[in-house]
Amino acid sequence: MAIEHAILVSLLEKPGSGYELARRFERSIGYFWTASHQQIYRVLKRMEGDGWVDVRDVPQQGRPDKKEYTVADLGQAVLSSWIHEPIEPESIRHDLAVKIRGAAFDDPAALIHEVERHRRAHTERLAHYLAGEQRDFPAPDEGATDASGPPDVSGPPDASGPPDVSGPPDASGPTDAGRELQHVVLRGGIAYERMTLAWLDDVLATLHRLAAAR
């Protein structure tokens, strides 16, 4: 996947400015595809020149007009072509796993603090995902739905809050498929973090046992 495809998907979910798009990469898209602000602006400019996106000036009260990007017909065709192309299953490069194997030739206990640090990071990310799911995809009995439209993932950063991976439940219609697919991607992230935490617990138990036996 190229950054262009991630940008097209994000703009189809909701048009936005370059700044708003960069915020989405920081808060939600960045969990499966990262890009710097400079890279996003540079690629957007190229996509505009290639006719993949359209841009219009949107007046803002008390502030300069902002440039809002939408996906052009050519960009939609490019994304559709990519979606229908086969991709190879990803191979995972896992530095920590190599370190763990290498600990057989050093001191296994030396990795305990490092593995605990990884476990804390994955615990925090899982908590973010679960909070986002509870907020954006509540069970039917958890309150009335909000049909206000697609999510706004471009708001001011909130270091204490969960990643904004979608938005409030929308009214029935074409966007239902988008919400379902956003949710299934989120569930994949939740499942991955839970699997990783279970593995890290296994690693820690093994390291402690080996350290005690030395």
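The salt bridge (charged side-chain N to carboxylate O under 4.0 Å, His left out) pairs that include a residue from residues 71-82 number zero, where partners must be two or more places apart or lie in different chains.
The cluster map of Ile, Leu, Val, Met, Phe, Trp and Tyr, joined by side-chain heavy atoms under 4.5 Å apart, puts Leu12 and Val43 in the same cluster. The hydrophobic clustering, which links ILVMFWY residues whose side-chain heavy atoms are closer than 4.5 Å, places Phe105 and Val203 apart.
Side-chain contact between Tyr69 and Leu44 is present, with at least one heavy-atom pair separated by less than 4.5 Å. Residues Met47 and Glu4 are in side-chain contact: their nearest non-hydrogen atoms beyond the backbone lie under 4.5 Å apart. Using a 4.5 Å heavy-atom cutoff, the side chains of Gln182 and Phe137 are in contact. Looking at Leu126 and Leu197, their side chains come closer than 4.5 Å, going by heavy atoms from C-beta outward. Using a 4.5 Å heavy-atom cutoff, the side chains of Asp202 and Thr206 are in contact. Side-chain contact between Arg119 and His122 is absent, with no heavy-atom pair separated by less than 4.5 Å.
For Arg187, the side chain to side chain donor-acceptor pair (under 3.5 Å) test picks out His183, with sequence neighbours left out.
In this structure, the separation between CG on Leu21 and NZ on Lys14 is 12.0 Å, given to the nearest 0.5 Å. To the nearest 0.5 Å, atom CD of residue Glu13 and atom CG of residue Leu8 are 11.5 Å apart. In this structure, Leu111 CG and His118 NE2 are separated by 9.0 Å, a value rounded to the nearest 0.5 Å.
Between His37 and Tyr19, the angle of the ring planes goes over 60°, which puts this pair in the perpendicular group of the 30/60° scheme.
Taking a cutoff of 4.0 Å between a charged side-chain nitrogen and a carboxylate oxygen, Arg214 and Asp107 qualify as a salt bridge.
In summary, the aromatic rings of Trp52 and His5 are positioned with their centroids too far apart to meet the 6.0 Å limit.
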Item to complete: Go through the steps to decide whether Lys66 and Ser17 satisfy the test side-chain contact (heavy atoms from CB on, under 4.5 Å), and finish with yes or no.
Response: CA-CA 7 Å; Lys66 73 173 183 178; Ser17 66; 4.2 Å; yes
Item to complete: Using the side-chain contact (heavy atoms from CB on, under 4.5 Å) rule, take Ile190 and Leu130 through it: C-alpha gap first, then chi angles, then the decisive distance, then the call.
Response: CA-CA 7 Å; Ile190 291 171; Leu130 291 173; 3.9 Å; yes
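In this structure a side-chain-to-backbone donor-acceptor pair under 3.5 Å is missing from Ser81 to Ala77.
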